[in-house]
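Data first, discussion second: the structure below is written as structure tokens.
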Amino acid sequence: MRSHKVTRGVDRAPHRSLFKASGFHPEELKRPLIGIVNSANEIVPGHIHLDTIAAAVKTGVRISGGTPIEFPTIAICDGIAMNHAGMHYSLASREIVADSIELMVESHCFDALVMITNCDKITPGMMMAAARLNLPAILVSGGPMFAGVQNGEKIDLSSVFEGVGAVRSGRMSEAELEEMEHKACPGCGSCAGMFTANSMNCMAEALGLALPGNGTIPAVSADRVLLAKEAGIQVMNLLRNGITTDRILVPEAFDNALAVDMALGCSTNTLLHLTALAHECGFKLDLRRVNEISKKTPQLCLLSPAGPDRIEDLGRAGGVTAVISELLEAKLLKPDLLTVTGKTIAENAAGTAVTDQTVIRSVKAPRRPQGGLAVLFGNLAPEGAVVKQGAVSESMQVFTGTARVFDSEESAVEAINLGAVTEGNVVVIRYEGPRGGPGMREMLAPTSVLAGMGLDDKVALITDGRFSGATRGASIGHISPEAASGGLIGLVEEGDQISIDLPRYSLELKVRDAELKKRKETWQPPEPKINHGYLKRYARLVSSAGSGAVLDEV
């Protein structure tokens, strides 16, 4: 046991003295020490209830003969950080989450790890730490929020963001928006659509790093507490059987996760995080592989923001396990991969069936014949750009438009609100990448305002930043290389023609090479928007979005 380094032998009397100062009984120190990392805090609605989840996990660990020891990590609410300087820090926090867990686990010699999470950067940060540490580890989320209801229709956080645009364009009154903001988020949990938080909690299930039900059991359900207890019990089984993360997070598991991603229609951010997680596992996730899997994996669900269903509906219809069962039956997944249950993914799904085919379609009658995400390539994105193609209207699948160019999210939003963006435009927002942002901000505000104005099927938006999982429409992000690193997006000028062709996975700037060469000669990147503190160091070390925006080793 790793923990024997701090609990056994004469030389460790000082260490045991410190444990006893914290109230640990000698009998507890004879058992395996299980780290329980908890991202609970009082500002993130997905995390305000995680102390309850942590208590249940610790009960499960004790039931199975371990000693649970809880410690914290940080969590940022992307919704509250959205559309101001705070969003620069969101993606960058993923590395802090992973690093802080590594520091705590290695310093204190935990034998295994349970990771209690829920929201956008915290879930991938925790999984990255688990891969790096290569211990018996299991992830358990706090579960999704229920949808709100207004005028008999389900709403969620994205509805409120789009409501802002509706008010700006006169399509909604401020009183209606105030009612919506009160009703959209009715309680604790990760926001109700297939946004990044729920996408990543479903990906943890598909990868095999979380128990079945992790992605969909509601935050306020007793089943969520039971799942947490089961996670505590199961991590002890992983420890006893020597099942470490390297036996679960194999390359084939990422293929499975991508297939489930395509079937569910998850957030574009999943590709950023899965690429970073693969990096921690010691291999590269080729973004062209995404398109190969997307071509053969149909989209089975139409979840908010792409459609009317929410995570509660997905859970009611059978959850991620039912989607996995559908894909297994069609031979679109590798069935024999190990998971944290100690069983294979096929064994976990055995006997599971879809209970509502209006929410989870069959492979034979899907929502779309191809997957929910696509990676585009071309002169604007030689290293790739990502689009949630399942949330793009048919009229925008092939589109050529006139560039409106902005060097920040704020200037783009201001122009949209003033009516300066019109049908047929391609909004270009640059210097918002991992390095140029710094921090690769989410662009939910401009896309939501466009949707609220009824322009989401008439205007495209491309950026070297990224999008919230709540984004819909022809919104193409993660353009790599980014503008600050000399990417072609930095040379786009007002009035240029930009061609988008989703069926051909193509994104092209229609400007002659000679003209681009001339522009390059006079190009200078702007000063960083934030050039102090953590983000100054982050911008110096971070890689491109095409590489997962991981910190380069130096």
Side-chain angles (χ1 to χ4, degrees), residues 35-58 68 70-82 86-87 89-101 104 113-130 137-148 156-157 184-205 209-211 213-225 227-229 231-232 267 269 273 310-312 442 444 468-470:
I36 314 294
V37 56
N38 183 6
S39 56
N41 62 42
E42 293 184 347
I43 194 167
V44 185
H47 295 240
I48 57 172
H49 64 304
L50 292 189
D51 285 343
T52 300
I53 303 300
V57 169
K58 289 189 281 189
E70 185 178 346
F71 64 92
T73 192
I74 62 169
I76 288 174
C77 178
D78 275 22
I80 295 174
M82 195 73 65
M87 181 48 68
Y89 292 86
S90 175
L91 178 61
S93 75
R94 185 188 68 183
E95 315 310 310
I96 297 290
V97 170
D99 290 351
S100 66
I101 294 170
M104 288 295 290
L113 184 63
V114 180
M115 303 165 287
I116 302 170
T117 180
N118 221 17
C119 291
D120 297 37
K121 308 310 161 304
I122 301 89
T123 298
M126 288 189 175
M127 290 196 288
M128 289 165 65
I138 188 166
L139 183 140
V140 56
S141 81
M145 185 187 294
F146 280 122
D156 54 38
L157 182 65
C185 300
C188 66
S190 47
C191 296
M194 188 53 83
F195 313 143
T196 305
N198 291 322
S199 293
M200 289 310 301
N201 289 328
C202 291
M203 289 298 94
E205 219 178 301
L209 203 58
L211 296 173
N214 179 73
T216 56
I217 295 173
V220 296
S221 169
D223 284 342
R224 177 58 59 179
V225 176
L227 185 80
K229 289 182 180 178
S267 164
N269 284 317
H273 299 318
R310 267 62 180 190
I311 302 301
E312 64 200 70
E442 290 184 342
L444 181 56
S468 163

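All residue numbers refer to positions in the sequence shown, counting from 1. Just so it is clear, the values below take in all heavy atoms, side chains as well, and ignore hydrogens, waters and symmetry mates.
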Task: Minimum heavy-atom distance Leu50-Ala40, with the two atoms named - done: CB-CB, 3.8 Å

Open item on the list: Please give me the minimum heavy-atom distance between Gly193 and Ile311, naming the atom from each residue.
Closed with: O-CG1, 3.5 Å

Task: Validation row: Cys119, Cys77 side chains within 4.5 angstrom (heavy atoms) - done: no

Open item on the list: Could you walk me through whether Thr123 and Thr117 satisfy the side-chain hydrogen bond (donor to acceptor under 3.5 Å, both in side chains) test, starting with their C-alpha distance in whole Å, then the side-chain angles of each, then the deciding distance to 0.1 Å, before giving a yes or no?
Closed with: CA-CA 6 Å; Thr123 298; Thr117 180; 2.8 Å; yes

Task: Separation between OG of Ser199 and CG of Asn269, rounded to the nearest 0.5 Å - done: 8.0 Å

Task: Atom pair CD1/CD1 of Ile76 and Ile122 - distance to nearest 0.5 Å - done: 7.5 Å

Task: side chain to side chain contact (heavy atoms under 4.5 Å, CB included) evaluation trace for His273 with Met203 - done: CA-CA 10 Å; His273 299 318; Met203 289 298 94; over 6 Å; no

TODO: Taking the side chain as every heavy atom from C-beta outward, state whether Asp51 and Glu70 have any pair of such atoms under 4.5 Å apart.
DONE: yes

Open item on the list: Please give me the minimum heavy-atom distance between Ala231 and Val140, naming the atom from each residue.
Closed with: CB-CB, 4.2 Å

Task: Minimum heavy-atom distance Arg310-Ala147, with the two atoms named - done: CG-CB, 3.8 Å

TODO: Check Ser190 against Asn201 and note the closest heavy-atom contact, atom names and distance.
DONE: OG-ND2, 4.5 Å

Task: Glu312 (side chain) donor-acceptor with Phe146 (main chain) under 3.5 angstrom - done: no

TODO: Can you measure from CZ (Arg224) to NE2 (His49) and round to the nearest 0.5 angstrom?
DONE: 7.0 Å

Task: Sidechain-backbone polar pair: Asn214 side chain, Ser141 backbone, donor-acceptor under 3.5 Å - done: yes

Open item on the list: Tell me the closest heavy-atom pair linking Asn198 and Ala192, and the distance in Å.
Closed with: ND2-C, 4.0 Å

- [ ] Report the distance from atom OG of Ser267 to atom CE of Met200, rounding to the nearest 0.5 Å.
- [x] 9.0 Å

Task: Close side-chain approach of Asp156 to Cys191, heavy-atom, < 4.5 Å - done: no

TODO: Would you check if Asp78 and Thr196 make a side-chain contact, meaning some heavy-atom pair closer than 4.5 Å?
DONE: no

Open item on the list: Working to the nearest 0.5 angstrom, can you tell me the gap between Met115 CE and Leu139 CG?
Closed with: 4.5 Å

Open item on the list: Can you confirm whether Ser93 sits close enough to Ile74 that some side-chain heavy atom of one is under 4.5 Å from a side-chain heavy atom of the other?
Closed with: yes

Open item on the list: I'd like to check Leu91 versus Asp120 (side-chain heavy atoms, cut-off strictly below 4.5 Å). Are they in contact?
Closed with: no

- [ ] Test side chain to side chain contact (heavy atoms under 4.5 Å, CB included) on Ser39 and Asn118 and set out the steps.
- [x] CA-CA 8 Å; Ser39 56; Asn118 221 17; over 6 Å; no

TODO: Check whether more than 12 heavy atoms from other residues, nucleotides or ligands sit under 6.0 Å from atom NZ of Lys229, and answer yes or no.
DONE: no

Task: Sub-4.5 Å side-chain heavy-atom contact between Ile116 and Ile36 - done: yes

Task: From CE (Met145) to CG (Leu157), nearest 0.5 Å - done: 8.0 Å

Open item on the list: In the structure I gave you, are the side-chain heavy atoms of Lys121 and Val97 within less than 4.5 Å of one another anywhere?
Closed with: no

